Amino acid sequence: MSAQSDARYLPQEFETRWQTAWETAGCFTAKSDPARPKYYVLEMFPYPSGRIHIGHVRNYTMGDVVARYKKAQGFSVLHPMGWDAFGMPAENAAMQEGGHPGTWTYNNIKVMKGQMKPLGLSIDWSREFATCDPEYYGQQQAMFIDMLNAGLVYRKNAVVNWDPVDMTVLANEQVIDGKGWRSGAEVERRELTQWFFKISDYSGELLDAIDGLKDWPEKVRLMQANWIGKSRGLQFAFERADGQGQIEVYTTRPDTLMGASFVGISADHPLAKELAATNPALQAFREDCAKGGTTAEALETAEKKGFDTGLTVKHPFDPTWELPIWVANFILMDYGTGAIFGCPAHDQRDHDFARKYGLPIVDTFLPVGQEWDIQAEPFVPLKSESVRWTRAFGWAEDATSDAAIDAAIAHCESQGIGTGVTKFRLRDWGLSRQRYWGCPIPVVHCQSCGVVPEKKENLPVRLPEDVTFDTPGNPLDRHPTWRQCTCPTCGGPALRETDTMDTFVDSSWYYARFTAPHASTPTDLAEADYWMNVDQYIGGIEHAILHLLYSRFFARAMHKTGHLPAKSIEPFNALFTQGMVTHAIFQTRDDKGRAVYHFPEDVDLRDGRGFLADGTEVEIIPSAKMSKSKKNVVDPVAIIEKFGADTARWFVMSDSPPERDVEWTASGAEATFKHLGRVWALGARIAALPADQVGEGDDDLAKALHRAIADVTATIEGFAFNKAIAKLYELTNTLSRTKASAAAQKQAARVLAQLMAPMTPHLAEELWHMLGGDGLVTEAPWPKADPALLVDDTVTLPVQFNGKKKAEITVPADASKEEVEKRALADEAVQRVLAGAMPKKVIVVPGRIVNVVL
RNA sequence: GCCCGAGUGGCGGAACGGUAGACGCAGGGGAUUCAAAAUCCUCCGCCCUAACGGGUGUGCGAGUUCGAAUCUCGCCUCGGGCACCA
C-alpha cells in the first residue's frame, strides 16, 4: 500500500488553517476603492434566537457564493453581517428563565457567531453590530427625531389585542384561537394612542416605483402592488331618511349602485357609537364585535354578524327608495370611510349577509346567454368580462364592469352625487410597541409643552438595566424612576414615552448602517454614496411584503431627512427570495389542550409515526417554516463538526433550486462528504503525476473544461446553484476518466478548484495549493471560457412523428433546413416508420428538432 | 376569507413551446477483498416483451399548437403572507 492511498480528505485539518490565511491576508475586509467597481451583497440578518439552523446556512452560503464569485470577478465587495437583536423572544426568555433580555441576546449572538465562523463565510466581521447596541439604536432615535420634524411621524388611535386578565397588549402571535396565550382569556380589541409613520404619503410612489425594480422577482412585485392596493371608486354620501345627517361611503363598485340592498357601518363607526349610547342591545353587539384578535384573518373568517339600527337612508337616485342601516362586524373602520353599501347580487359576503338577515337581493347584471338564479348564488364575474346589464345607468346593455364603473362615476359626478377618488389599501405603519426590549421612542411628555422630541445631545435614550419580567406588561411603565426626565423645551419635569419601536424599524435601515457602522451620525454620506445600493439582497420569501416595503419607505424617509443620497431611495437593486427550509412540527397537548412542541431529535420516527422517549405518540404536522417557537429546527452544527464546513455548504446548495422550499432530510450529507473526498483524492492523484507525462484527449478535456467554465459562470449568475453543482459533478467525472497529458490535467484540476471555490472554498484552497496554484484561490481571478471551444461541428437532432420521437440524426451544425429535411427523410429508422407513406409536412427547427406530420 | 407561489421516477431535482427524467441520492447486479468498509464497472419511471421493440407517463379536467412539464381556462392539494413573530 502506497503512502498516497493512505492520505485522506480530512477537512478538519485544513479548514481552520485556510480561514486563518484569509483573515491574515484581510481577504474580506471591504475597502472603498474608487478605482474598482463595487459590489454590495447582503443576506437578511438573523434574529439571535440561540442557535443557527439549517435555513441560516442555506441563506448565508448563497450570499457567500455570490460574494466570492464577484470578488473573483474583480469587484470591491462588501459582505457584512449583523443581528436583528430586539424583539419578543428575549423578553419571553426573561419571563421563563429569569435574567435580562440583553444578557440572553448577547449570549445568543456569541453562540451563533461561534457556529457561523466555522462555515468560512467571506464576511467583513469588522462591520458587525446588533440593533440592540445603544450605538445603533441611538442613531435610530436621531433619525426618528428628524423624521418627526419632517412630518413623517404622528400619533393617532389604533386597536390592539388586549388581554383583560394579564392587562397587557398581545402580539398577534400571542393570540391563539381568540385567547391570550398565557392567561387563556378571551382577547378584546382596544384602542390606544400610538405612533405612526406616514407611509401612506408614499403609497402612489411606492407603487409606481415597483416598475423600476427590474431585478426583483415578479411575484414579490405583484404581492407589494396588491398590498398597496390602488383602487378607483366613488365616494358619496347617503342622506338619512330622518334628515339627521349623512353616511359617507366609499365603493369600488358604483356600477352596482342600483343593486344596493343595505348600508353597512363598522362597529367603531361614529354613528354606531352614538346610537349605542342609548341602545343597550346595540352596545352589547358592539362589545361582541370587539371580541377576538385584530388580524385581518380573524376578522374575515369570523362569522358575519349584523345589527339592524332601525334607521334608513335614501337611495341617491330615488328618494323614495330606502335602505336599512346595519352595523356589521366585517367592516373595518380604518379602510375607506368605515361604511359601505351592500350589493348581495354581486358579492359573496354581502350575499351571505342578505340571506342571513332576509335582505333583498337585486341583480344589476346577469351573464350573457345564460340563466342565473341570483337568489341562490351571487354572480361575480371578472370586471373585464362582458355582461348583460339589467340596471345600467348611462352605459350599453352589454358592457364590462370596468367600462361600467367609469361610466357610473361620470354619471354620479354629473348628477352631483359624490366624486371619483383613488384610494390605497396601504395603511400607515404603526410603530409603537408596549414592550421593553426595543428601541425607546425618544420623545417626552410635558404638562406644558405637550409631546416633544428629546434633544439629540441626550441620545441615546437608553433602556434601563434594572427591570423585572415577573409580571406581565411593559417594565418601562412600572420602572420607579426611568420615566422621569426634564422637558427638552421648557426644562420642567416631564415623563418619557414608554412605547418602544417595532423591530421592523431596526431592520429598515441596517443595510445603510453597514456602509459606515461606526459613524457618529446615522450614516456617512460619502460611504453610503460609494457602497449603496445593495447590489444583491438575499432573504426569505416570508419578507416579501412587510420588511421590504417598510425598507423602501424608510430609505425614502432617510433621503428626505438627509441620511441617504437620492439614488438610494430604492435600496435593493436586485432581490433574490430563497425558499424556506421546512420541517415537520411534532406536538402534543397539555392538560388544557394547548400545543406543546418537541425538537426533532427528541422524537423517534417509526413507520410514519413519532414517539417521545417515554412512548407518548406525537402529532406530526408536515412541512412548516422552521421556527424556534415551534421547535421544528434542524441544527447544522453536528454536520459541520462531523464532515466539515465544505460538506455543509455544498450540501445545502446542491439539488434544490434556491428559490424553492425544501423539506429537510438528514440523509445525504454523508454522500456529499464522499464526493468531496473523491475530488480531493483526484486532485492529489493529478498533483502527483510527473509533469512531463504525455497523454491523449487534451482537446476533448479542454472542450469539457471550457464548457464547464461557461456553464458554471452562467448558472451562478442566474442563482441556479444546484445546476452549477451538477455541472461541477460532470467536470469531475470527465476529469477522473481522462487520459490527457499531465499538463492538461493539472490545468483542468486548477480550474475545477476555482469553479468550486465559491461553494467549497477550503477544499478549493487545498487543491489549488497542491496543484501549484499561485497564492490563494480566493484572490485568483475567475477563469474565462474560450468561445472557440464552446462550439460543436455536428448536432444530434431528434426526429418526431406527430410530436413523438422516433429517430435521431446527426448533421453538421450549419446544415440548411433543406439539407436537414433531406437527411432526416433518408434516415433508415425514419424510412421504417414512414413505411412508404408520404409526410404531409416536415417541420425543421435548426439545431433543435425535426417533426414529420403524417 | 383575501393576496402570492409550488406540484415531474422510490427521493432531491433537470428540461429557450422542441429527445421528459441532466446531475445527485437511494436501490439492484458485477469486479476487487479471506471478509467487510472504501473504491471501480453497470442497470435503474411505469406496463407489455426472452430480446428487438411497443405502449404509457410531468397533481386532476378541458383547450391552443405540427409539437405542451412549459401557454390559456376550470379544479385539487400543499406552502408563504395578511399590517404587534422575525
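Please read all numbers here as calculations on a predicted model, not as lab measurements.
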side-chain N/O [X] vs [N] OP1/OP2, d < 4.0 Å:
X	N	value
A:Lys806	B:G55	yes
A:Arg8	B:A38	no
A:Ser656	B:G13	yes
A:Arg433	B:C84	yes
A:Lys723	B:A22	no
A:Arg678	B:U39	yes

Assign [X] to base, sugar-phosphate, or nothing according to its heavy-atom contacts below 4.0 angstrom with the strands shown.
X	result
A:Lys727	nothing
A:Val160	base
A:Val169	base
A:Arg660	sugar-phosphate
A:Ser432	base
A:Ser654	nothing
A:His547	nothing
A:Gln194	base
A:Leu728	nothing

Nucleotide of [options] approaching [X] most closely (side-chain heavy atoms):
X	options	answer
A:Leu222	B:G5, B:A86, B:C41	B:G5
A:Lys805	B:G24, B:U19, B:A86	B:U19
A:Asp84	B:C82, B:U56, B:A86	B:A86
A:Asn722	B:C85, B:G24, B:A14	B:A14
A:Ile843	B:A86, B:G81, B:G18	B:G18
A:Ala671	B:U39, B:C25, B:G80	B:C25
A:Arg435	B:C84, B:G80, B:A83	B:C84
A:Asn226	B:C3, B:G55, B:G13	B:C3
A:Gln800	B:C82, B:G12, B:U19	B:U19

Distance-only donor-acceptor test, [X] side-chain atoms vs [N] base atoms, 3.5 Å:
X	N	answer
A:Glu297	B:C82	yes
A:Asn172	B:C84	no
A:Gln434	B:C84	yes

(request) Compute the centroid of each ring, for A:Phe554 and then for A:Phe504, and state whether the two points are separated by less than 6.0 Å. (result)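 No, the ring centres sit 6.0 Å or more apart.
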
(request) Decide if the gap between the ring center of A:Phe576 and the ring center of A:Tyr537 is smaller than 6.0 angstrom. (result)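 Ring centroids of A:Phe576 and A:Tyr537 are no less than 6.0 Å from each other.
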
(request) Report the residues that fulfil ring pair (Phe, Tyr, Trp, His ring centres under 6.0 Å) with A:Tyr47, sequence neighbours left out, ordered by chain and then residue number. (result)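 For A:Tyr47, no residue satisfies ring pair (Phe, Tyr, Trp, His ring centres under 6.0 Å) once neighbours in sequence are set aside.
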
(message) Both A:Arg848 and A:Gly87 contact RNA chain B. Taking the nearest nucleotide for each, which residue is further toward the 5' end?
(response)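 Between the two, 5'-proximity favours A:Arg848.
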
(request) Would you kindly compare A:Val853 and A:Arg425 by the position of their nearest RNA chain B nucleotide and give the one closer to the 5′ end? (result)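 Nearest nucleotide further toward 5': that of A:Val853.
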
(message) Has A:Thr715 got a side-chain atom pairing as donor or acceptor with A:Phe721's backbone, closer than 3.5 angstrom?
(response)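 No, the answer is negative, given that no donor and acceptor are paired below the 3.5 Å cut-off.
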
(message) Check whether A:Asp166 reaches the backbone of A:Thr168 with its side chain - one donor and one acceptor, N or O, closer than 3.5 Å.
(response)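 Checked: no pair found.
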
(request) Can you tell me the distance, in whole Å, between the CG atom of A:Asp655 and the P atom of B:C23? (result)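 Distance check: A:Asp655 CG to B:C23 P gives 13 Å.
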
(message) Expressed as a whole number of angstroms, how long is the span from A:Leu546:CG to B:G81:P?
(response)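 Spelled out: CG on A:Leu546 to P on B:G81 is 10 Å.
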
(message) Roughly how many Å apart are B:C40 and B:G24, using the P atom of each and rounding to a whole number?
(response)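 Each nucleotide's P atom is 12 Å from the other's.
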
(request) Could you measure between the two P atoms, the one in B:G10 and the one in B:U58, and give it in whole Å? (result)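 These two P atoms come out 13 Å apart once rounded.
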
(message) Is the positively charged end of A:Arg221 above the ring of A:Trp216, judged by distance under 6.0 angstrom from the centroid and angle within 45° of the axis?
(response)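 No, A:Arg221 does not lie over the aromatic ring of A:Trp216.
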
(request) Run the salt-bridge test on A:Asp502 and A:Arg433 with the 4.0 Å N-O cut-off and return the result as yes or no. (result)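 Looking at A:Asp502 and A:Arg433, the cut-off is met.
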
